[in-house]
Amino acid sequence: MNSRTRLEGSGSKAANGIHRRVRTLKKLIPNSEAEGLEGLFRDSADYILSLQMIVKVMQIMVKPQELVLQAQICAHDCVDLTTALSF
């Protein structure tokens, strides 16, 4: 008897809660057609890793823009400072 059969047969609130969470997890993982909890957890871990990589790439892409903005602010402040000091 596998864990799913034991949970379905128990009829407890805990089992219902687990089933609800598993269904929710299946909905969150795109293209997941995994069989069983092990496959679902493997797909979930793979998806989390891919999301982490996407975030890192996006952070790398944004970093140069932040540096440009900081340089522009610094340049603007330096210009204001030099005009204020020249009298």
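We're numbering straight along the sequence, starting at 1.
Taken to the nearest 0.5 Å, the NZ atom of Lys26 stands 11.0 Å off from the OG1 atom of Thr24. In this structure, CG on Leu25 lies 7.5 Å from OG on Ser32, to the nearest 0.5 angstrom. In this structure, NZ in Lys56 is found 8.5 Å from CD in Gln59, a value given to the nearest 0.5 Å. Note: Asn31 CG to Tyr47 OH = 9.5 Å, rounded to the nearest 0.5 Å. Here the straight-line distance linking atom CG of Leu37 with atom CD1 of Ile18 works out to 9.0 Å at 0.5 Å rounding. Remark: Ile29 CD1 to Leu40 CG distance equals 6.5 Å, nearest 0.5 Å.
For Ile48, the side-chain contact (heavy atoms from CB on, under 4.5 Å) test picks out Gln52, with sequence neighbours left out.
The heavy-atom pair separating Gly39 from Ala34 by the smallest distance is C-CB, 3.2 Å.
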